[in-house]
Amino acid sequence: MLRIAVQTKGRLNEQSLELLREAGVTIKEEKRKFLMRASDFPVEILFLRDDDIPQTVAMGAADLGIVGYNEVAERGYEVDVLQKLGFGGCRISLAIPKNDEYTGVEYFNGKRIATSYPNVLKRFFGEKGVEASVHTITGSVEIAPAAGLADAIFDIVSSGGTLITNGLVEVEQVLQSEAVLIGTPGLSDEKMAVARQLMSRFESVQKGYGKKYLVLNLPVAALDEAVKILPAMRSPTVIPLAQSEWCSLQTVVDETELWTIIEKLKAIGAEGILVLPLEKIVL
Ligand code: PRT
Ligand code: ZN
């Protein structure tokens, strides 16, 4: 039985369980326990704080784990990063008071930097030859400069709203992060086979992220034009309609391009346009 560690609560919990569920790994939610067996796949789920996931996987107490890459980089335990999971995106950045003039990384020489990621920061400063004093604090790092505890901070940034609220400005993006699937190095062939199966399912789910299924009616005469507009995986599916001069067209489009494509299709005579959610793409 493969054991996979997932964050108990917090930012990655819901999307980790959602990804597992979409991949066919479900647990009965009513009575959440520390360790739960999935009902439809040979996997059990171990709920942990995200800080503990890299070590637990490195030790082999869990075979796999879903955790932010930032935690993997900070903790430094030996684990295999098997797959990027496409959610929990953020970066760890250096930020300084907004009225300070930033002159480049040498700005940090002799400064006090508050962070929950001292190892990543010390590595960065080491590479850049910066001599700064790194103060490890857990909790609200962003208030440290205003409280006089530090000159600058090194913290997770996502929208940037927290920095603005605290009068800080991001000056160096040091590490890009997202949720990743990690594994114990040297898993048995049997466990690796199950892990591969899971990874392939995760990939199918991820391919569906940000995609929509588009169905529309089109005059047959406009078909060539429509094919040029549509970025279908191979080519769009075309189905004849009862009225011979019309056809129905089905295809997958990226959500970011959806409206542009719809407007172009309407301009060449498309009607009855349906936009449907897309769950998975299995290639
Ligand atoms: O209880 P446990 O220890 O398990 O959880 P935690 O409190 O340590 O972590 P949690 O749940 O806050 O975050 C889990 C993971 O989510 C992190 O390790 C990151 O990989 C990822 N993640 C993605 C984030 C963010 N986005 C994020 N915005 N983690 C934290 N933040 C915080 C950040 O610390 C800062 O305070 O949000 C604030 C900045 O957000 P913006 O949007 O204002 O820039
Ligand atoms: Zn944590």
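Remember, it's 1-based here, ligands and their atoms both numbered in the order they're listed. Quantities reported herein were computed from a predicted structural model and do not represent experimental measurements.
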Task: Those atoms of ligand 1 less than 4.0 Å from some heavy atom in G160 - done: 41 (P), 42 (O), 44 (O)
- [ ] Identify, for atom 33 (C) of ligand 1, the protein heavy atom at the shortest distance, and state residue, atom and that distance.
- [x] I156 O, 3.5 Å
Task: Side chain to side chain, L265 and L230, heavy atoms closer than 4.5 Å - done: yes
- [ ] Answer yes or no: is there a side-chain heavy-atom contact under 4.5 Å between R201 and F41?
- [x] yes
TODO: Could you tell me whether D151 and R112 make a salt bridge, using a distance below 4.0 angstrom between a side-chain N and a carboxylate O?
DONE: yes
- [ ] Measure Q7 to ligand 1 on non-hydrogen atoms and call it side chain, backbone, both or neither using the 4.0 Å cut-off.
- [x] side chain
Open item on the list: Evaluate L12 for polar contact with ligand 1, using N/O atom pairs at a separation under 3.5 Å.
Closed with: no
- [ ] Can you sort out which atoms of ligand 1 are near G68, meaning under 4.0 Å from one of its heavy atoms?
- [x] 20 (O)
Task: Pairing of R37 and E44 as salt bridge, 4.0 angstrom limit - done: no
Open item on the list: Does E78, at its CD atom, have more than 12 non-hydrogen atoms belonging to other residues, nucleotides or ligands within less than 6.0 Å?
Closed with: no
TODO: Report the nearest protein non-hydrogen atom to atom 24 (C) of ligand 1: residue, atom name, distance rounded to 0.1 Å.
DONE: R11 CD, 3.3 Å
Open item on the list: Among all the protein's non-hydrogen atoms, which is closest to atom 14 (C) of ligand 1, and how far away is it?
Closed with: D50 OD2, 3.5 Å
- [ ] Sort by chain and number the protein N/O/S atoms found under 2.8 Å from the Zn ion (ligand 2).
- [x] D50 OD1, D51 OD1
Open item on the list: Considering non-hydrogen atoms of the protein only, which is the closest contact for atom 38 (C) of ligand 1, and what is the distance?
Closed with: T162 OG1, 3.6 Å
Task: Nearest-contact summary for atom 1 (O) of ligand 1 - protein heavy atom, Å - done: R49 NE, 3.6 Å
Open item on the list: Please work out, at 4.0 Å between heavy atoms, whether the side chain, the backbone, both, or neither of C90 comes within that distance of ligand 1.
Closed with: side chain
Open item on the list: Below 4.0 angstrom, counting only protein heavy atoms, does anything approach atom 18 (O) of ligand 1?
Closed with: yes
Open item on the list: Looking at non-hydrogen atoms alone, which of G139, A95, G89, S158 comes nearest to atom 28 (N) of ligand 1?
Closed with: S158
Open item on the list: Tell me whether E18 at atom CD has more than 12 heavy atoms from other residues, nucleotides or ligands lying less than 6.0 Å away.
Closed with: yes
- [ ] Identify the protein heavy atom lying closest to atom 20 (O) of ligand 1, giving its residue, its atom name and the separation to 0.1 Å.
- [x] N70 OD1, 2.6 Å
- [ ] Please tell me if the side chains of S16 and F87 come closer than 4.5 Å, counting only heavy atoms from C-beta onward.
- [x] yes
Open item on the list: Students often mix this up, so state it plainly: with edges at 30° and 60°, are the rings of F108 and F125 parallel, tilted or perpendicular?
Closed with: tilted
Task: Within-4.5 Å side-chain heavy-atom neighbours: L121 and V174 - done: no
